Amino acid sequence: MGVNLNADTSESAATTPEKSLNFVEEIINDHLESGRFDQTVHTRFPPEPNGYLHIGHAKSIALNFSLAEKYGGLCNLRFDDTNPSKEEEEYVHSIKEDIKWLGFDWEDREYYASDYFDQLHDWAVKLIKDRLAYVCDLTLEEGREYRGTPTEAGKHSPYRDRSVEENLDLFARMKAGEFPDGTRTLKAKIDMAHPNFHMRDPVIYRILHGHHHRTGDDWCIYPMYDFTHGQSDSIEKITQSICTLEFENHRPLYDWFCDKLEIHHPQQIEFARLNLTYTVMSKRKFLTLVNEGYVNGWDDPRMPTISGLRRRGYTPESIRNFCEYIGVAKHNSVVDVTILENHVREHLNAIAPRVMAVLNPLKVVIENYPEGKVEELQAVNNPEDESAGIRSVPFTRELYIDHNDFMEEPVKKYFRLAPGKEVRLRYGYILKCEDVIKNDTGEIIELRCTIDPDTLGKQPTDRRVKGVIHWVSAEKSLDAEIRLYDRLFSVEHPDKVEEGQDFRSNINPDSLEIIKHAKVEPALRAVKSGERYQFERVGYFSVDQDSTDDHPVFNRIVSLRDSWARIARNTR
RNA sequence: UCCGGGAUCGUUCAAUGGUAGGACACCAGCUUUUGGAGCUGGUCAUGGGGGUUCGAAUCCUCCUCCCGGAACCA
């Protein structure tokens, strides 16, 4: 695997100029040089607790936490919970669990924007007193009309010039719950002719009689994102406030509030969010997939959610390495999902014990091997890791091999088993196919074979046998359920659709194939949920949480690179 | 149309006025008791036009294309 991880985080990026810096690191270095902040780097990851985290969030999490680590700084976790109607405690728990699983630690710095509601309210009052905010009675629709269009300036609200006293009184009564939802807002008084819509007297407080997951019914007015985020950053003494590109237009407002409030002023930096081929990446679309039954929940192993990837069997290391590898830039990009797959292959290749599993069993009877005899053959657990040791695998007269490893009429370049041909049984003898037995409908149901008893652990001198196949003992093997997961979408860009269709029309109907009765070697008795194995020549698999001692269930994490598939494709 | 961003191999990230480089993918070969892993080599890119300069991916200029923006969402 040639992936260059470049993941050396032991040296500060600031002191290793030979390693190219990403644009965020360059900005940080400028700040360090100019002394803009008289403190160390302090970042934060600010999720809204209204959904599950996905691989795109992992990029942001990794960026914020590893930047802090590289520069010897800190990264906070802050829940951006300013909208009581959408946020739930359940999401807070899952988000924390996912970040921890990824391997990042916010220590005791778990914050909530809702913790700052009193301070935010006081700042709003200050703006009113400074004649920089006013209570507006315009309805939502009227507000939209007054805002203007990209080419025309907006109009001043008729309530724009209320006195400080009236504004103070009205805002207090908004807070006291005297007015129904939507009847009034507090707006910042900026510039209705500003080319940036966010500067055209943006709403900073709205009336919302909702139950908040943390503050309960204490408030019926809630600050907007723009009046919360920068100030929260400021309170926490954040230095670089890293967010995604769509917030670029909000930066002037972010700066305006910090300036007018005369508070610590972090630098907002925007980067491009992650997109992956063969998947979608939005909470709304995930919700559709879950609600309409295309997947079995948020942690379905096909979902690009962190919980889905975890259940699938991805390792946190591989996701972190992936995030480091893809880097960070300001232009939108779509990362090939094979990059992600290669990272998990690379990690699992190093750590996953090898075992043999036969997914589509075909019985083999070895005619020259005695009935009842059992040999314990020695197999290495991981050729990449000698310390993983060896195990024994029972060899008997009747075996199962995979149907795919036999071809009655072999195509060229096929060097597995075929009538009259030989193949190496992994860790065992060379096997020769003598006869093919079929049922009434012509299906191949059994192979009669012989072994060359002088080939255990050594090569024959008179011929060369190239193919190696895996196998299990028919008598000693275990039954297992195997869930073969594939990409959820059958096209690279699921959102590119014909007029009148949506991403659902690109769903891969074969994203899950369940094999109920696969045969696995006895070493897999009593596996535990979460364990990961390589099924030799097949792929990497994890033990699903549905697994029981009687009924092991394995999820395919990712297949092995299959160069036979490529050859078969190219020679056709 | 206005504002804000962006454009380098198929993909992603470099090169910060001085030989356009790496990785993935692809192709060829070596090796192998996983058609796995590993190793070697190869194909492939600066959106376009002008300009500055001995020299431009990089600076200037015009153009083209792409993304985001008019929630009392974040």
Side-chain angles (χ1 to χ4, degrees), chain A residues 1-6 19-22 26 46-48 50 80-83 85-87 136 138-140 143-144 147-154 181-187 194-200 202-208 222 224-226 228-229 243-252 270 272 277 283 325-336 338-339 341-343 345-346 349-350 354 356 380 383-384 413-416 424-428 430 455 457-459 465-470 534-539 559-568 570:
Chain A
M1 187 87 256
V3 177
N4 176 15
L5 298 174
N6 243 348
K19 182 194 175 285
S20 67
L21 303 177
N22 65 48
E26 282 177 3
E48 183 187 11
N50 72 341
D80 225 334
D81 55 349
T82 58
N83 188 342
S85 60
K86 294 168 69 176
E87 293 147 9
C136 181
L138 253 26
T139 64
L140 210 168
R144 192 175 297 145
R147 201 155 25 233
T149 69
T151 45
E152 311 161 51
D181 288 4
T183 52
R184 285 185 164 87
T185 57
L186 184 70
K187 288 179 176 172
H194 198 107
N196 182 334
F197 281 104
H198 297 286
M199 301 298 273
R200 319 241 268 223
V203 172
I204 59 179
Y205 262 93
R206 77 281 217 193
I207 301 172
L208 230 42
Y222 290 90
M224 298 289 292
Y225 166 85
D226 286 309
T228 304
H229 200 93
C243 61
T244 45
L245 251 30
E246 66 268 30
F247 290 100
E248 225 153 13
N249 294 317
H250 295 243
R251 182 156 27 96
E270 310 85 10
T277 55
K283 287 172 186 168
Y325 175 83
I326 57 173
V328 49
K330 278 200 75 116
H331 58 266
N332 290 303
S333 61
V334 184
V335 175
D336 193 328
T338 59
I339 305 280
E341 294 169 349
N342 283 333
H343 276 85
R345 280 193 186 104
E346 181 189 48
N349 178 49
R354 273 61 168 170
M356 292 194 286
V380 302
E384 308 290 319
K413 288 191 184 171
Y414 185 84
F415 48 82
R416 280 117 88 168
R424 163 74 64 179
L425 289 171
R426 180 74 162 149
Y427 307 119
I430 284 176
T455 53
K458 56 182 169 182
Q459 293 291 3
V465 176
K466 190 168 162 70
V468 180
I469 65 172
H470 58 280
Q534 184 196 104
F535 291 175
E536 290 210 48
R537 304 206 310 126
V538 181
S559 65
L560 243 30
R561 272 224 195 84
D562 186 359
S563 41
W564 165 245
R566 188 171 49 80
I567 292 165
N570 291 352

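Model, not experiment: these values are computed from the prediction. Just so it is clear: chains get the letters A, B, ... in the order the sequence lines come, proteins before strands, and each one is counted from 1.
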Taking Watson-Crick and G-U wobble pairs with both distances under 3.5 Å, convert RNA chain B into its dot-bracket string, 5' to 3', dots for unpaired and | for cross-strand pairs.
.((((((..((((....[..)))).(((((.......)))))....(((((..]....))))))))))).....
May I ask you to say what A/T151 touches in the nucleic acid, namely base, sugar-phosphate or nothing, with a heavy-atom cut-off under 4.0 Å?
base
Could you tell me how far B/C9 sits from B/A57 if I compare only their C1' atoms? Round to whole Å.
14 Å
Between B/U40 and B/U58, how many Å separate the two C1' atoms, rounded to a whole number?
34 Å
Work out how far the P atom of B/U61 is from that of B/A25, and round it to whole angstrom.
42 Å
Answer syn or anti for B/A25, where the cut-off is 90° from 0 on the glycosidic torsion.
anti
Contact pattern, 5' to 3', of nucleotides 28-35 of chain B - B, S or - by protein heavy atom under 4.0 Å:
----BBBB
Does the protein touch nucleotides 67-74 of chain B at the base, only the backbone, or not at all? Give it as B, S and - per nucleotide, heavy atoms under 4.0 Å.
SBSBSBBB
What's the CD1-P distance between A/I326 and B/U12, to the nearest Å?
11 Å
Taking atom NZ of A/K283 as the centre, report whether more than 12 heavy atoms of other residues, nucleotides or ligands fall under 6.0 Å from it.
yes
Between C1' on B/C2 and CD on A/E152, what's the gap in Å once rounded to a whole number?
10 Å
Say we look at B/U53 and B/C60: how far apart would their P atoms be, to the nearest angstrom?
16 Å
Interatomic distance at P, B/A37 relative to B/G18, whole Å:
39 Å
In whole Å, measure the gap between the C1' atoms of B/A56 and B/G48 for me.
16 Å
Rounded to the nearest Å, what distance is computed from the CG atom of residue A/D336 to the C1' atom of nucleotide B/A25?
7 Å
For atom CD of A/E341 and atom P of B/U12, their distance in whole Å
16 Å
Does A/R345 offer a backbone N or O that forms a donor-acceptor pair with the side chain of A/N349 under 3.5 Å?
no
Between B/G5 and B/U43, how far apart are the C1' atoms? Round to whole Å, please.
34 Å
At 4.0 Å (heavy atoms only), tell me whether A/A272 reaches a base, stays on the sugar-phosphate, or touches nothing.
nothing
In whole Å, measure the gap between the C1' atoms of B/G17 and B/U52 for me.
11 Å
What is the separation between atom CZ on A/R251 and atom P on B/G5, rounded to the nearest whole Å?
7 Å
Do any N or O atoms from the side chain of A/R200 and from the backbone of A/H194 form a donor-acceptor pair under 3.5 angstrom?
yes
Quick check against the 3.5 Å criterion: does A/D336 have a side-chain atom that pairs as donor or acceptor with the backbone of A/T277?
no
Treating A/E152 as the side-chain partner and A/G148 as the backbone partner, does any N or O pair qualify as donor plus acceptor under 3.5 Å?
no
Counting distance only, does the side-chain N/O of A/T455 pair as donor-acceptor with the main-chain N or O of A/I430 below 3.5 Å?
yes
Would you check if there is a donor-acceptor pair between the side chains of A/H250 and A/D226 at a distance under 3.5 Å?
yes
